[in-house]
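The structure appears right after this line, and notes come after that.
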Amino acid sequence: MKKDLVHPLYVRLFHWLNAAAIVMMVMSGWKIYNASPIFEGIAFPEALTLGDWLGGALQWHFAAMWLFVVNLIVYLVTGIATGHFREKMFPVSPVAVINDVGQALRGKLAHDSHDYNAVQRVFYIGVIGAMLMTLISGLVVWKSAQFQLLSWIVGSYDTARIVHFAGMTLICAFIVVHLALVAIVPSTFIPMITGWAKPFPKKEKNHVA
Ligand code: HEM
């Protein structure tokens with residue numbers, strides 16, 4: 001059967017490099033956080049951290065940061081230039097989201113890699129926003145004197161740390177929901193590796209794929 005290219009190569013490359021960078025940044029970030037927690041009583045299990053000691057965790061965090069930033073910029077620029085975001089993530093309206101949440105609760109939401117539903121659109125736009133929020137606040141935590149304008153936008157060093165933590169939390173929450181959705185609709189997984197998917201059957205448009 002003829003298949004359609006649903007995820008171009010640059011999207012797949014971005015996606016898997018980004019997943020690797022995020023795992024390294026979150027795990028090393030937890031080690032750095034544990035060395036100087038912001039919230040009393042909140043510490044991350046050492047077994048889930050990366051880097052043997054604080055200096056090692058910082059090295060992991062900064063190494064993965066370059067992969068994360070360069071990869072994200074290439075994805076955003078290419079996605080805007082090729083119309084990828086305009087075609088696959090917009091438009092999205094509150095009415096469409098409410099409608100699709102209702103369909104999902106009744107087990108009738110279509111999950112089509114050719115055409116993301118409104119819930120997916122909101123999630124993907126949201127996680128891209130969370131990544132930018134974490135990146136900007138991270139730059140302020142790292143070099144607040146050099147990134148004066150960003151420091152002015154985010155606030156003090158302490159505020160930037162809280163914003164950075166909140167961004168990390170949103171990304172982790174996204175990953176939990178994202179992986180649950182992939183587990184519920186496993187047919188979406190292989191196309192994110194190969195790029196190709198079977199044409200979406202029109203008659204099943206209102207049923208979970
Ligand atoms: C091992 C972990 C992951 C798996 C198995 C996975 C799987 C997938 C799959 C199957 C899709 C395509 C969904 C569809 O066609 O309906 C997708 C899309 C996407 N995922 Fe993931 N994902 C993972 C980690 C992540 C992480 C860590 C992020 C970001 C923090 C992320 C962000 C995205 C985004 C933004 C898209 C939409 C890409 C686009 O079309 O431009 N994913 N993921």
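Heavy atoms only: backbone and side chains are in, while hydrogens, waters and symmetry mates are out. Counting starts at 1 for both ligands and their atoms, in listed order.
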- Query: Which ligand 1 atoms does Leu179 reach within 4.0 Å, using its non-hydrogen atoms?
  - Reply: 2 (C), 3 (C), 4 (C), 5 (C)
- Salt bridge Asp115-Arg121, side-chain N to carboxylate O under 4.0 Å: yes
- Note on the structure: Of all protein heavy atoms, the one nearest atom 10 (C) of ligand 1 is Thr188 O, 3.1 Å
- Decide whether an N or O pair under 3.5 Å exists between Asp112 and ligand 1. no
- Query: What's the shortest heavy-atom distance between Asp4 and Lys198, and which atoms?
  - Reply: OD2-C, 4.5 Å
- Message: Could you check whether any side-chain heavy atom of Arg12 comes within less than 4.5 Å of a side-chain heavy atom of Ile193, counting everything from C-beta outward?
- Response: no
- Message: Tell me the closest heavy-atom pair linking Trp30 and Cys172, and the distance in Å.
- Response: CZ2-SG, 4.2 Å
- Determine the minimum heavy-atom distance between Val6 and Ala197, stating which atoms define it. CG2-CB, 3.7 Å
- Item | Tyr116 to ligand 1, any heavy atom closer than 4.0 Å | yes
- Message: Would you say that Leu50 contacts Met24 through its side chain, given a criterion of any heavy-atom pair below 4.5 Å between the two side chains?
- Response: yes
- Task: With sequence neighbours excluded, tell me which residues meet side chain to side chain contact (heavy atoms under 4.5 Å, CB included) with Glu46.
- Result: Lys31, Asn34, Thr49
- Message: Please list the nearest protein heavy atom to atom 5 (C) of ligand 1 with its residue and the distance rounded to 0.1 Å.
- Response: Phe189 CE1, 3.6 Å
- Task: Could you tell me the residue and atom name of the protein heavy atom closest to atom 29 (C) of ligand 1, and the distance to it rounded to 0.1 Å?
- Result: Asn18 ND2, 3.3 Å
- Heavy-atom check, side chain of Val92 versus side chain of Val97, under 4.5 Å: yes
- Query: Quick one: which ligand 1 atoms are inside 4.0 Å of a heavy atom on Met89?
  - Reply: 39 (C), 41 (O)
- Item | Shortest protein heavy-atom distance from atom 1 (C) of ligand 1, along with the residue and atom involved | Trp16 CZ3, 4.0 Å
- Message: Heavy-atom distances under 4.0 Å decide this one: backbone, side chain, both or neither, for Lys88 against ligand 1?
- Response: neither
- Which protein heavy atom lies closest to atom 31 (C) of ligand 1, and at what distance to 0.1 Å? Phe174 CE2, 3.5 Å
- Query: What residue and atom, counting heavy atoms only, is the protein's closest point to atom 34 (C) of ligand 1, and at what distance?
  - Reply: Tyr124 CD2, 3.7 Å
- Item | From Ile128, Asn18, Leu13, residue fulfilling side chain to side chain contact (heavy atoms under 4.5 Å, CB included) relative to Tyr75 | Ile128
- Assert yes or no for the condition that the ring centre distance of Phe165 to Phe39 is strictly below 6.0 Å. yes
- Please state which protein non-hydrogen atom is closest to atom 14 (C) of ligand 1 and give its distance, to 0.1 Å? Ser113 OG, 3.5 Å
- Starting from atom 42 (N) of ligand 1, locate the nearest protein heavy atom and write down its residue, its atom name and how far away it is, to 0.1 Å. His15 NE2, 2.9 Å
- Message: Out of all atoms in ligand 1, which are within 4.0 Å of some heavy atom of Val127? Include the element for each.
- Response: 30 (C)
- Query: Between Tyr75 and ligand 1, which part of the residue brings a heavy atom under 4.0 Å of the ligand: side chain, backbone, both or neither?
  - Reply: side chain
- Query: Does some non-hydrogen atom of Phe123 fall short of 4.0 Å from ligand 1?
  - Reply: no
- Message: Test your reading of the structure: does Gln120 have an N or O sitting under 3.5 Å from an N or O of ligand 1?
- Response: yes
- Side chain, backbone, both or neither: which part of Ile175 has a heavy atom under 4.0 Å from ligand 1? side chain
- If you count the atoms of ligand 1 from 1 in the order shown, which ones are under 4.0 Å from a heavy atom of His111? 16 (O)
- Message: Would you say that Tyr124 contacts Phe85 through its side chain, given a criterion of any heavy-atom pair below 4.5 Å between the two side chains?
- Response: no
- Item | Side chains of Phe62 and Met65 in contact at under 4.5 Å (non-hydrogen atoms) | yes
